[in-house]
Amino acid sequence: MAAMMQPQIILLKEGTDTSQGKAQLVSNINACTAVADVVRSTLGPRGMDKLIHDDKGTVTISNDGATIMKLLDIVHPAAKILVDIAKSQDSEVGDGTTTVVLLAAEFLREAKPFIEDGVHPQNLIRSFRNASYKAIQKVKELAKSIEGQSLEEKKRLLSKCAATTLSSKLIGGEKEFFASMVVDAVGAIGDGDRLNMIGIKKVPGGTMRDSFLVNGVAFKKTFSYAGFEQQPKKFLNPKILLLNIELELKSEKENAEIRLSDPSQYQSIVDAEWNIIYDKLDKCVQSGAKVVLSRLAIGDLATQYFADRDIFCAGRVAEEDLLRVAAATGGTVQTSVNNVVDEVLGTCEHFEERQVGNERFNIFSGCPSGRTATIVLRGGADQFIEEAERSLHDAIMIVRRATKNSTVVAGGGAIDMEISKYLRQESRAIAGKSQFFINSYAKALEVIPRQLCDNAGFDATDVLNKLRQKHALPTGEGAPYGVDINTGGIADSFANFVWEPAVVKINAINAATEAACLILSVDETVKNPKRSGIRERRAR
Ligand code: ADP
Ligand code: MG
């Protein structure tokens, strides 16, 4: 009897929830597949969009994998990893976010039957890593460089890359228009990590085609005081003074106390205050500046004073806009008006305050140091412009990446089919179980062309068979063939300029494999009871 009463070993706190082993692994895989199923239908130029609304009534319409994943608020711990890789793909390369989620889930789906049959996850992980290494080598090999072309030619090629990114978005109908705009904007800021130098301003109303690029800075007219109407709104080559001070009569602070023994002294205090501000304004005028911007308020008095002297002013300019003006015009933001020398003033070829839709915009163009660009986006609904901004962001990132690395691969599933074929070939030389694992990895890569077909309503089996046949040609001439989104057949993606920067694919394969391996290596999840519970127990 005593032998049966073994003492119970208590390892974890009461209320801890654990699940482990094969069942746990399979359930994690299922969760990831479920997440991928959500974004699956958004892939490619014929992909659909998702409308997501939260309890606050905010509505977002998006086609961007990372945006959707972020908004979904996923709670499953394993599936959260997919959200993270989508986010990291977004910040690393800016595009390919849906691709990376689909690939990771497909790797897992292929791994599932093996796991169920009792294969040790470590064997799968090793083979998957190996396959991904080989795949990336192959992408690098297949990538074509656009280096060494003339500037015009390079611009043309870059806008092809941007157009491919944009083709899957809401603004895909105007992809050429926006692609060349994006290429110009990226060209304007030059190299270096100065992405914040491209401003995107959204003005509801008008059509997409009314969007325009300012080779410089543009921002919405700030709050203005009386006297503003009399200021000139247009200058050629003005000097620009940038300030971080208030040009306003200050009201007394609370509890300020001044004791006067003689009523006549009161006037002297008022005068002193007026003198201070007039002195400041005089100094601004003396500097020769024709445009005065300040991050802080420019009040009634100052506005009228400047108007009388044919000077344009704007107060409460947002800090990022002010910094962009500074960078573009070569000026420096001043914190005092004493000693405003010529060097701290900026200039530009053309300044104008102009009506855009219902808004008035201050536009500085033809800036000497270039290095900034502003895209003014027009369009119908708010959600539409928001999504357009996100799409342009993708395109901007892609053009920047392509400018830096300047190698591209054929899109439309062509590169995925080619790597898949290559891995299958390679796997034949491998003895043992690993052959199967690499084979299934290769098969998983076909998810991209298959999904492109599904989303366009084509017969995926048919198209994939044609693609496999083409890619199997021993001469290698079939390598650039991918899904033809217009006819439902196959076509040479490279010749049709469906290009993607190689770095997008490399990063996607890498991240997806890592995520899949990470999820495969987890065989137990432990859920700790709520923190408050711990405190309760301690308190007792
Ligand atoms: P992601 O978030 O992964 O970038 P997208 O919805 O942008 O997802 O779709 C990208 C996929 O669509 C890529 O595989 C790309 O090659 C493909 N694609 C883009 N434009 C075309 C096109 N005109 N024809 C065929 N495939 C295209
Ligand atoms: Mg994309």
Side-chain angles (χ1 to χ4, degrees), residues 36 38-50 62-70 82 85-106 139 159-173 175-176 178-179 182 387 390-399 401-402 408-420 445-456 458 460 463 467 480-505 507-509 511-512:
V38 177
V39 292
R40 191 172 287 280
S41 64
T42 68
L43 184 81
R46 297 280 186 272
M48 310 295 274
D49 299 336
K50 301 280 167 189
S62 185
N63 175 282
D64 181 44
T67 309
I68 299 170
M69 300 284 275
K70 231 181 287 171
L82 294 192
I85 56 170
K87 276 191 202 157
S88 83
Q89 176 84 8
D90 193 35
S91 57
E92 275 289 311
V93 284
D95 195 19
T97 47
T98 316
T99 306
V100 75
V101 175
L102 283 188
L103 279 179
E106 199 64 19
V139 175
S159 73
K160 297 290 179 199
C161 288
T164 305
T165 302
L166 291 176
S167 65
S168 58
K169 311 290 184 192
L170 266 175
I171 55 175
K175 62 182 179 203
E176 270 90 27
F178 284 108
V182 165
E387 171 70 358
R390 282 190 290 271
S391 312
L392 284 186
H393 174 257
D394 278 15
I396 289 171
M397 292 290 282
I398 283 308
V399 173
R401 286 288 154 192
V408 295
V409 293
I415 184 75
D416 312 85
M417 286 306 286
E418 187 62 16
I419 308 171
S420 175
L445 288 169
E446 287 182 352
V447 68
I448 302 295
R450 185 171 331 116
Q451 200 60 49
L452 285 174
C453 289
D454 281 348
N455 290 353
F458 304 150
V463 176
L467 279 178
Y481 274 77
V483 182
D484 184 348
I485 224 71
N486 298 316
T487 64
I490 64 172
D492 186 335
S493 296
F494 217 86
N496 289 342
F497 298 110
V498 180
W499 295 1
E500 290 178 76
V503 63
V504 172
K505 264 282 122 76
N507 213 66
I509 292 177

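Small disclaimer: the values here were computed from a predicted structure and weren't measured. In listed order, ligands and their atoms are each counted from 1.
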Looking at ligand 1, does any of its N/O atoms fall within less than 3.5 Å of an N/O of [X]?
X	value
Ile448	no
Lys505	no
Gly44	yes
Ser167	yes
Lys169	no

Asp394 backbone or side-chain N/O/S under 2.8 Å from the Mg ion (ligand 2) |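 Short answer: no, not a single N, O or S atom is under the cut-off.
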Under 3.5 Å, is there a donor-acceptor pair between the side chain of [X] and the main chain of [Y]?
X	Y	answer
Thr164	Lys160	yes
Asn496	Val498	no
Asp64	Glu387	no
Gln89	Ala511	no

Quickly, which of Val504, Ile419, Val503 forms a side-chain contact (heavy atoms from CB on, under 4.5 Å) with Val139? Name it, please.
->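 Testing each of Val504, Ile419, Val503 against Val139, the sole residue satisfying side-chain contact (heavy atoms from CB on, under 4.5 Å) is Ile419.
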Leu43 and its side-chain contact (heavy atoms from CB on, under 4.5 Å) partner, picked from Ile448, Asn63, Val101 =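 Of Ile448, Asn63, Val101, side-chain contact (heavy atoms from CB on, under 4.5 Å) with Leu43 is met by Ile448 alone.
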For [atom], closest protein heavy-atom neighbour:
atom	value
atom 4 (O) of ligand 1	Asp95 OD1, 2.7 Å
atom 7 (O) of ligand 1	Ser168 OG, 2.8 Å
atom 13 (C) of ligand 1	Glu500 OE2, 3.7 Å
atom 23 (N) of ligand 1	Val498 CG2, 3.7 Å
atom 3 (O) of ligand 1	Thr99 OG1, 2.6 Å

Residue [X] vicinity, atoms of ligand 1 by number, heavy atom under 4.0 Å:
X	value
Thr164	19 (C), 20 (N)
Gly411	16 (O)
Thr42	6 (O)

Output yes when Asp416 and Lys505 qualify as a salt bridge under the 4.0 Å nitrogen-oxygen rule, no when they do not.
->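 Salt bridge: yes.
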Do NZ/NE/NH1/NH2 and the carboxylate oxygens of Asp49 and Lys169 come within less than 4.0 Å?
->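 Salt bridge: no.
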Over all atoms of both residues, closest heavy-atom pair of Met69 and Ala86 |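 In this case the closest contact between Met69 and Ala86 is CG-CB, 4.2 Å.
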Do you know which two heavy atoms are closest between Val100 and Ala508, and how far apart they sit?
->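 Shortest heavy-atom contact: CG2-O, 3.5 Å.
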Measuring from the Mg ion (ligand 2), name the closest N, O or S atom belonging to Asp95.
->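 Of all N, O or S atoms in Asp95, the Mg ion (ligand 2) lies closest to OD1.
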For Thr487 and Asp484, does a side-chain donor sit closer than 3.5 Å to a side-chain acceptor?
->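 On atom types as modelled, these side chains qualify, holding a pair under 3.5 Å.
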Is it the case that Ser41 and Lys50 place a side-chain donor and acceptor less than 3.5 Å from each other?
->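 Indeed, the side chains of Ser41 and Lys50 share at least one donor-acceptor pair under 3.5 Å.
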Considering only heavy atoms, does [X] approach ligand 1 within less than 4.0 Å through its side chain, its backbone, both, or neither?
X	answer
Thr98	both
Val483	backbone
Asn63	side chain

Counting heavy atoms only, name the option from Pro449, Gly96, Gly412, Gly413 that's nearest to atom 26 (N) of ligand 1.
->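 The nearest heavy atom belongs to Gly412.
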For atom 18 (N) of ligand 1, which of Ser41, Ala508, Pro45 has the closest heavy atom?
->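 Residue with the shortest heavy-atom distance to the ligand atom: Pro45.
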